[in-house]
Amino acid sequence: MQFKSHMDKALEAARDAGARGEVPVGAVLVASDGVLLAVAGNRTRELNDPTAHAEMLVIREACAKLGNERLTGCDLYVTLEPCPMCASAISHARIARVYYGASDPKSGGVAQGPRVFDHSQSHHTPEVYDGIAAEACETLLTDFFVNKRR
């Protein structure tokens with residue numbers, strides 16, 4: 001089976017989130033057979049919900065679609081390193097692989113900060129691949145915050 005990145009769809013969702021005034025983070029969840037299960041961008045402000053991160057939204061949608069709280073064999077593409085909350089949800093959902101673009105030294109929970117998947121309490125440790133379309137992901141975030149400060 002040949003690798004096919006879905007980061008382009010995650011970037012599109014991130015751009016849409018930024019256009020709505022949300023921090024531009026996008027996520028895509030893909031089933032083991034390659035079927036696209038969910039695409040979302042951050043909606044924390046729109047929904048007045050601090051848990052409405054892109055990752056949480058695609059996990060909720062995919063679980064509802066599949067009728068299962070486990071997403072075994074699924075791949076998650078996200079434009080920014082998941083925070084500790086999202087990393088815990090990824091672990092609980094048993095997602096197989098996480099592909100992310102930009103690192104998050106301030107709020108990351110995978111390679112930075114608490115490194116959720118490295119804890120013995122982690123229910124499941126997915127394969128993690130970082131730096132996927134990193135430059136495009138980083139530029140999107142940097143431009144968003146530069147424009148916010150103007």
Open item on the list: Can you see whether R60 engages T51 through a side-chain donor-acceptor pair at a distance of less than 3.5 angstrom?
Closed with: yes
Under 3.5 Å: donor-acceptor pair, side chain of [X], backbone of [Y]:
{"X": "S103", "Y": "P105", "answer": "no"}
{"X": "R15", "Y": "A13", "answer": "no"}
{"X": "H124", "Y": "H92", "answer": "no"}
{"X": "S32", "Y": "C74", "answer": "no"}
{"X": "T125", "Y": "F117", "answer": "yes"}
{"X": "S88", "Y": "P84", "answer": "yes"}
{"X": "E69", "Y": "C63", "answer": "no"}

Task: Lys/Arg N to Asp/Glu carboxylate O, E46 vs R20, below 4.0 Å - done: yes
Indicate the atoms forming the closest heavy-atom contact of [X] with [Y], along with that distance.
{"X": "M85", "Y": "P50", "value": "CE-O, 3.9 Å"}
{"X": "H6", "Y": "V30", "value": "CD2-CG2, 3.6 Å"}
{"X": "P82", "Y": "E55", "value": "CA-OE2, 3.3 Å"}
{"X": "K65", "Y": "L36", "value": "NZ-O, 4.4 Å"}
{"X": "C86", "Y": "H53", "value": "SG-ND1, 3.4 Å"}
{"X": "A27", "Y": "V58", "value": "O-CG1, 3.4 Å"}

[atom1] of [X] to [atom2] of [Y]: how many Å apart, nearest 0.5 Å?
{"X": "D8", "Y": "I132", "atom1": "CG", "atom2": "CD1", "answer": "12.0 Å"}
{"X": "E138", "Y": "T79", "atom1": "CD", "atom2": "OG1", "answer": "11.0 Å"}
{"X": "N42", "Y": "D16", "atom1": "CG", "atom2": "CG", "answer": "12.0 Å"}
{"X": "D130", "Y": "C137", "atom1": "CG", "atom2": "SG", "answer": "11.5 Å"}
{"X": "Y77", "Y": "R97", "atom1": "OH", "atom2": "CZ", "answer": "8.0 Å"}
{"X": "F144", "Y": "E22", "atom1": "CZ", "atom2": "CD", "answer": "8.0 Å"}

Can you confirm whether [X] sits close enough to [Y] that some side-chain heavy atom of one is under 4.5 Å from a side-chain heavy atom of the other?
{"X": "L141", "Y": "D104", "answer": "no"}
{"X": "Y99", "Y": "D75", "answer": "yes"}
{"X": "D49", "Y": "T44", "answer": "no"}

Co-membership, hydrophobic cluster, residues [X] and [Y], 4.5 Å side-chain:
{"X": "V110", "Y": "L80", "answer": "yes"}
{"X": "L57", "Y": "V39", "answer": "no"}
{"X": "V128", "Y": "M7", "answer": "no"}
{"X": "V116", "Y": "M56", "answer": "no"}
{"X": "V28", "Y": "I90", "answer": "no"}

Open item on the list: Are there over 12 heavy-atom neighbours, none belonging to E12, within less than 6.0 Å of that residue's CD?
Closed with: no
TODO: Kindly write out the residues that satisfy ring pair (Phe, Tyr, Trp, His ring centres under 6.0 Å) with Y100, not counting sequence neighbours, or none if the list is empty.
DONE: none
